[in-house]
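All of these numbers come straight from a predicted model, not from anything done at the bench. All values below come from the heavy atoms of this structure, side chains included, with hydrogens, waters and symmetry mates left out.
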Amino acid sequence: MATTTSRTAGAAEFVPEGADLAALRRAATGCRGCELYKPATQVVFGSGPETARLVLVGEQPGDVEDRQGEPFVGPAGRLLDKALDEADLAREGVYLTNAVKHFKFVPAERGKRRIHKTPTRGEVVACLPWLRAELARVRPDLVVCLGATAAKAVLGSSFKVSERRGRVERVEDQDVIATVHPSAVLRAPDRDEAYRGFVADLRVVRAHLG
Ligand code: URA
Ligand code: SF4
């Protein structure tokens, strides 16, 4: 369809066909599928073993991830590590990634942490070819969507985490479950309660893996 806008066509043309995770990761450094690569420090691709039975999908890298180039290495990652541990899931055996691979943020004053900005639906859709390629390569037993952005990316834009969290659903031959995002637990008015709910969902994940 002809268009007069400068909207980019998404990540598809940058995703090498039949590539393994290492090659996908390398190719993602050159992605120009949307505008988010411009202000970000670097792409933050998924991380973990190709043999993982579990893929965890977050929203997008945060401030610390953008600087270090690895997913879930900041405050949300620390909470996630603790919760995984409590649910008897080892992080080493999990493939961790995000719906969107570049950090979207509002610039902060010098020396301050930059403020995360939720990606638009268009940006999530633009980045989806990377997540699809990761899932096709890892072929996990279960995909865990952390928060609304990941859940909408994988389960459709009408998905409501508050209504459907903690239940394994079958989507396009893939078992998927959604729960809250660890950052939402950190921000919750009753953090202990939110954390218990998060761990309870991860225990459903643990039970599903058998
Ligand atoms: N939040 C996410 O969704 N992903 C990260 O990698 C870090 C924080
Ligand atoms: Fe490509 Fe995704 Fe980064 Fe956009 S956010 S440039 S689609 S990797």
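Side chains of L24 and W130 form a contact here, defined as non-hydrogen atoms less than 4.5 Å apart. For the pair Y95 and R53, the minimum side-chain heavy-atom distance is 4.5 Å or more. Contact check for T97 versus V55: side-chain heavy atoms found under the 4.5 Å cut-off.
Residues D192 and R196 are not paired through a salt bridge, judged by the lack of any N-O separation under 4.0 Å between the basic side chain and the carboxylate. Salt bridge annotation for D88-R203: absent, with no cationic side-chain nitrogen under 4.0 angstrom from a carboxylate oxygen. A salt bridge does not link D20 with R137: none of the charged nitrogens is closer than 4.0 Å to a carboxylate oxygen. Looking at E65 and K101, no side-chain N of the basic residue comes within less than 4.0 Å of a carboxylate O on the acidic one, giving no salt bridge.
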Evaluate D175 against H208 for side chain to side chain donor-acceptor pair (under 3.5 Å), listing each step before the verdict. CA-CA 10 Å; D175 285 338; H208 185 80; 3.1 Å; yes
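The list of ring pair (Phe, Tyr, Trp, His ring centres under 6.0 Å) pairs with a residue in residues 145-173, not counting sequence neighbours, is empty.
Here I115 contributes atom CD1 and D63 contributes atom CG; the two are 8.5 Å apart, rounded to the nearest 0.5 Å. Atom CG of L54 and atom CG of D141 lie 8.5 Å apart (nearest 0.5 Å).
Within the 3.5 Å criterion, the main-chain N or O of G46 finds a donor-acceptor partner in the side chain of R25. With hydrogens and angles disregarded, a donor-acceptor distance shorter than 3.5 Å links the side chain of Q174 to the backbone of P140.
Residue F105 is not grouped with residue V124 when hydrophobic side chains (ILVMFWY) are merged at heavy-atom distances under 4.5 angstrom, including chains of intermediate members. Hydrophobic cluster membership is shared by L89 and V185, with clusters built from Ile, Leu, Val, Met, Phe, Trp and Tyr side chains linked at under 4.5 angstrom.
Cluster partners of Y37, using a side-chain heavy-atom cutoff of under 4.5 Å among ILVMFWY residues and allowing indirect links: none.
Using modelled atom types, one finds a donor on one side chain and an acceptor on the other under 3.5 Å when comparing E59 with H116.
A side chain to side chain donor-acceptor pair (under 3.5 Å) with K104 is found for exactly one of E123, E35, Q60, namely E123.
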